[in-house]
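Okay, structure first, notes after.
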Amino acid sequence: MPKDPAATSNNMRNIHSQDTTIELQLRKALWHRGYRYRKNYKALPGSPDIVLTKYKIAIFCDGEFFHGKDWEILKLRLEKGKNPDYWIKKIERNRERDWENDKKLLFLGYTVIHFWGKDILKHTEECIQTIEESILDNKLSDME
């Protein structure tokens, strides 16, 4: 059954780029562990969702659709949907921009971590462990 265009429009209107559910959940978990961070830090390329400046770690909380998780499968689905040219071009550009920003951040000496939204929601503790491992790696490399 096709979706009502008004319902689709309302859904898209409610998608935000900052303070999303996944960002809030990850930030809350970091805060409870005692980590302090910057959010949507505009001083860095790509305005990472969370930045642990003390450890030079940039974290992105990526939505599966807009950042193209399982891109080859999603691309096939989009080709069969409404306005495929627009969506394929948009998501490919998002993926390209993510890659460009990652390169810039790496050049600045940052560790870049991307988490998929569903991974944050279902496995928050594993995401925190990944971040803590990066913090430990950064501490060890500073000692050398």
Side-chain angles (χ1 to χ4, degrees), residues 3 5-79 81-144:
K3 281 189 176 178
T8 302
S9 178
N10 189 43
N11 183 39
M12 295 304 287
R13 189 178 305 112
N14 288 320
I15 295 173
H16 300 285
S17 63
Q18 293 183 5
D19 296 330
T20 61
T21 304
I22 56 178
E23 284 179 42
L24 292 173
Q25 185 163 329
L26 189 58
R27 289 194 328 232
K28 190 174 187 178
L30 284 168
W31 188 267
H32 285 296
R33 290 281 182 96
Y35 295 108
R36 301 303 175 245
Y37 50 81
R38 300 241 181 189
K39 59 179 199 161
N40 308 111
Y41 194 41
K42 296 192 185 337
L44 292 176
S47 298
D49 299 314
I50 302 168
V51 179
L52 301 169
T53 52
K54 181 177 180 179
Y55 306 107
K56 292 189 92 170
I57 297 174
I59 303 165
F60 292 91
C61 304
D62 295 336
E64 285 79 1
F65 179 77
F66 286 101
H67 292 272
K69 182 176 184 190
D70 300 325
W71 178 234
E72 296 308 316
I73 296 165
L74 178 59
K75 188 174 179 181
L76 292 173
R77 281 184 40 221
L78 289 172
E79 287 171 352
K82 288 187 178 182
N83 208 355
D85 294 337
Y86 171 80
W87 286 111
I88 290 170
K89 183 178 175 187
K90 178 173 184 53
I91 294 170
E92 282 180 342
R93 179 62 189 130
N94 287 350
R95 290 168 51 86
E96 188 178 308
R97 187 181 312 111
D98 290 344
W99 188 72
E100 290 166 2
N101 288 327
D102 288 356
K103 283 196 310 186
K104 291 174 188 173
L105 287 163
L106 290 169
F107 181 75
L108 293 171
Y110 275 80
T111 300
V112 180
I113 303 172
H114 286 266
F115 293 116
W116 293 114
K118 288 186 177 148
D119 292 337
I120 293 170
L121 293 175
K122 293 179 181 176
H123 308 288
T124 308
E125 195 56 37
E126 290 174 24
C127 296
I128 297 297
Q129 286 176 348
T130 300
I131 295 166
E132 288 180 329
E133 287 169 11
S134 294
I135 289 169
L136 186 60
D137 288 347
N138 288 358
K139 284 182 179 178
L140 293 174
S141 65
D142 286 346
M143 289 180 176
E144 294 174 356

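Quick note: residue numbers are just sequence positions, from 1.
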Exercise. Any chance you could measure R38, atom CZ, to D49, atom CG, to the nearest 0.5 Å?
Key: 15.5 Å
Compile the donor-acceptor pairs under 3.5 Å between side chains in residues 50-62 and protein atoms, sequence neighbours left out, one pair per line.
{"residue": "K56", "atom": "NZ", "partner": "L108", "partner atom": "O", "Å": "2.9"}
{"residue": "D62", "atom": "OD2", "partner": "H114", "partner atom": "ND1", "Å": "2.6"}

Quiz item: Are more than 12 heavy atoms from other residues, nucleotides or ligands located less than 6.0 Å from atom CZ of R77?
Solution: no
Practice problem: Just do the side chain to side chain contact (heavy atoms under 4.5 Å, CB included) check on Y110 and K104 with the steps written out, would you? | Solution: CA-CA 9 Å; Y110 275 80; K104 291 174 188 173; over 6 Å; no
Exercise. For E72, check side chain to side chain contact (heavy atoms under 4.5 Å, CB included) against everything at least two apart and list the hits.
Key: none
Quiz item: Rounded to the nearest 0.5 Å, how far does OG1 of T111 lie from CG of L106?
Solution: 8.0 Å
Quiz prompt | side chain to side chain contact (heavy atoms under 4.5 Å, CB included) partner of I131, the single match among Y35, Y37, F115 | solution = F115
Quiz item: Just wondering, do K28 and L24 contact through their side chains at under 4.5 Å, heavy atoms?
Solution: no
Quiz prompt | For E133, salt bridge (Lys or Arg N to Asp or Glu O under 4.0 Å) partners two or more places apart | solution = none
Practice problem: Start with the C-alpha distance between L74 and K69, add both sets of side-chain angles, then the distance that settles side chain to side chain contact (heavy atoms under 4.5 Å, CB included), and finish with yes or no. | Solution: CA-CA 7 Å; L74 178 59; K69 182 176 184 190; over 6 Å; no
Self-check item: Residues in salt bridge (Lys or Arg N to Asp or Glu O under 4.0 Å) contact with E132, at least two apart in sequence or another chain
Solution: R33
Self-check item: Partner residues of E64 under the salt bridge (Lys or Arg N to Asp or Glu O under 4.0 Å) criterion, sequence neighbours left out
Solution: none
Quiz item: Quick one: does L78's side chain get under 4.5 Å of W71's, heavy atoms only?
Solution: yes
Quiz item: How many angstroms lie between atom CD1 of I128 and atom CG of L26, to the nearest 0.5 angstrom?
Solution: 5.0 Å
Quiz item: Between CG of N40 and CD of E23, what distance do you get to the nearest 0.5 Å?
Solution: 5.5 Å
Quiz item: Nearest 0.5 Å, what's the CD1-CD1 distance between I88 and I91?
Solution: 8.0 Å
Self-check item: Minimum-distance pair of heavy atoms, taken over all atoms of S134 and I113
Solution: OG-CD1, 3.5 Å
Practice problem: Could you tell me whether the side chain of I22 reaches within less than 4.5 Å of the side chain of W116, counting heavy atoms only? | Solution: no
Quiz item: Nearest 0.5 Å, what's the CG-CZ distance between N94 and F65?
Solution: 9.5 Å
Exercise. Can you sort out the partners of K39 under salt bridge (Lys or Arg N to Asp or Glu O under 4.0 Å), two or more places apart, ordered by chain and number?
Key: D19
Quiz item: Does the side chain of Q25 come within less than 4.5 Å of L121's, by heavy atoms?
Solution: yes
Quiz item: Does a salt bridge link E96 with R93, judged by any charged N lying under 4.0 Å from a carboxylate O?
Solution: yes
